[in-house]
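Each ligand, and each atom within it, is numbered from 1 in the order the structure gives.
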Amino acid sequence: MREKIEEIKRRAQEKIASITNLQELQDIKVKYLGKKGELTSILKGLGGLSQEERPKIGSMVNQVRDDLEQALENAENIIKQKMLEQRLEKERIDVTMPSHNIEIGSIHPITQIIEEVKEVFLGMGYQVVDGPEIEKTYYVFDQLNTPLDHPARDLQDTFYITEDVILRTQTSSVQIRIMENQKPPIKMICPGAVYRSDTPDATHSPIFHQIEGLVVDKNITMTNLKGTLEMFAKKCLGENTKIRFRPHHFPYTEPSAEADVSCFVCGGKGCRVCKGEGWIELLGCGMVHPNVLRNCGIDPEEYSGFAFGFGVERIAMAKFGIDDLRLLYENDIRFLKQF
Ligand code: DAH
């Protein structure tokens, strides 16, 4: 009996030593240690042995089983390690290989303008803020002193989601969000997308971008507004740029103005970009209407402010000589990589 057990052990160890894969390992496990395996069948036959022999043979079998289990475990670890090494070898990346041609993108002209403007206003101590594009009419119109019968609120002009939730038509809504949450002094700009129910053509798009500006503090005057805009125009459009105000109407500013800049393409002589005028219409602006301040809990007797808002596309088009607005949204790389 002892010899038989020794012989099983020797045979099993030889096999284990020559294992090359996990399947072979599994087969050996079953053959020697499994329920119907050779060692198990010896254990089953212990009943036929003498009282004296039974425990000795039993413990011998157990010892052999332990040894074989240990040997199998070692073999398994070695095989797994080998498999891992093979995989790493196969999947090795040669970092010295020449790469495929990767096309590096360029910054979109609209983003370029926004970044430039941000830079200028950050330099003047403004904070750059963000606001929701899906917005309550309360913020886009009501709080901005824009009555229910104002044409901007018409279905023809505005994308409605519900009766009182819209895609914002102007970034001016962010003025309210800021004034409701911050105490003066306030100096902020807010770049972002706005939406209007327009049919696309060379100068219209249902989505475009605006940059809003707002300053509220004690003793803010129209002079501050004009000085600020002039500084901005010179920094963004060229040192020789001049600025002029024309009277206008916006419900949320009083007085209101539209500001033109001297054409930064021809310098004011008249060209295709300024349509021979020498001036380019740049933005809307004015002194924040007392009602708007009051709506936001700011006392117009104590504080005053100015606000302005302009379209980013218009500047990008003039600056880069783009004559069709739609090109900015087509994502044609041949077009975009020129800028
Ligand atoms: N929100 C105006 C527009 O979309 C632009 C504008 C005009 C913004 C006057 C202002 C402002 O802040 O004071 O055309």
Between ligand 1 and [X], can you find any atom pair, the residue atom being a heavy atom, that is separated by under 4.0 Å?
X: H248; value: no
X: R196; value: yes
X: F310; value: no

Heavy atom of the protein closest to [atom] (residue, atom name, distance):
atom: atom 2 (C) of ligand 1; result: Y252 OH, 3.1 Å
atom: atom 12 (O) of ligand 1; result: E212 OE2, 2.6 Å
atom: atom 5 (C) of ligand 1; result: G309 O, 3.8 Å

Can you tell me if M124 has over 12 outside heavy atoms packed within less than 6.0 Å of its CE?
yes

Step through the shown structure and confirm whether more than 12 heavy atoms of other residues, nucleotides or ligands are within 6.0 Å of CG on D324.
yes

Test the R177-Y139 pair against the cation-pi criterion, namely NZ or CZ under 6.0 angstrom from the six-membered ring centroid and within 45° of the ring axis.
yes

Should E115 and K118 count as an ion pair when the cut-off is N to O under 4.0 Å?
yes

Just one of R11, K9, K4 clears the salt bridge (charged side-chain N to carboxylate O under 4.0 Å, His left out) bar with E7, so which one?
R11

Aromatic ring proximity, centroids under 6.0 angstrom, F339 and F320:
yes

For F308, which part has a heavy atom under 4.0 Å from ligand 1: side chain, backbone, both, or neither?
backbone

Side chain, backbone, both or neither: the part of C285 lying under 4.0 Å from ligand 1 by heavy atom:
backbone

As an exercise, identify every atom of ligand 1 less than 4.0 angstrom from a heavy atom of Q175.
12 (O)

Can you name the atoms of ligand 1, numbered from 1 with element, that are less than 4.0 Å from a heavy atom of T253?
13 (O)

Between K242 and S262, is there a donor-acceptor pair closer than 3.5 Å when you use the side chain of the first and the backbone of the second?
no

For ligand 1, is there an N or O atom under 3.5 Å from any N or O atom of S172?
yes

Does any N/O atom on G284 come nearer than 3.5 Å to any N/O atom on ligand 1?
no

Nearest 0.5 Å, please: how far is CD1 in I176 from OH in Y252?
10.5 Å

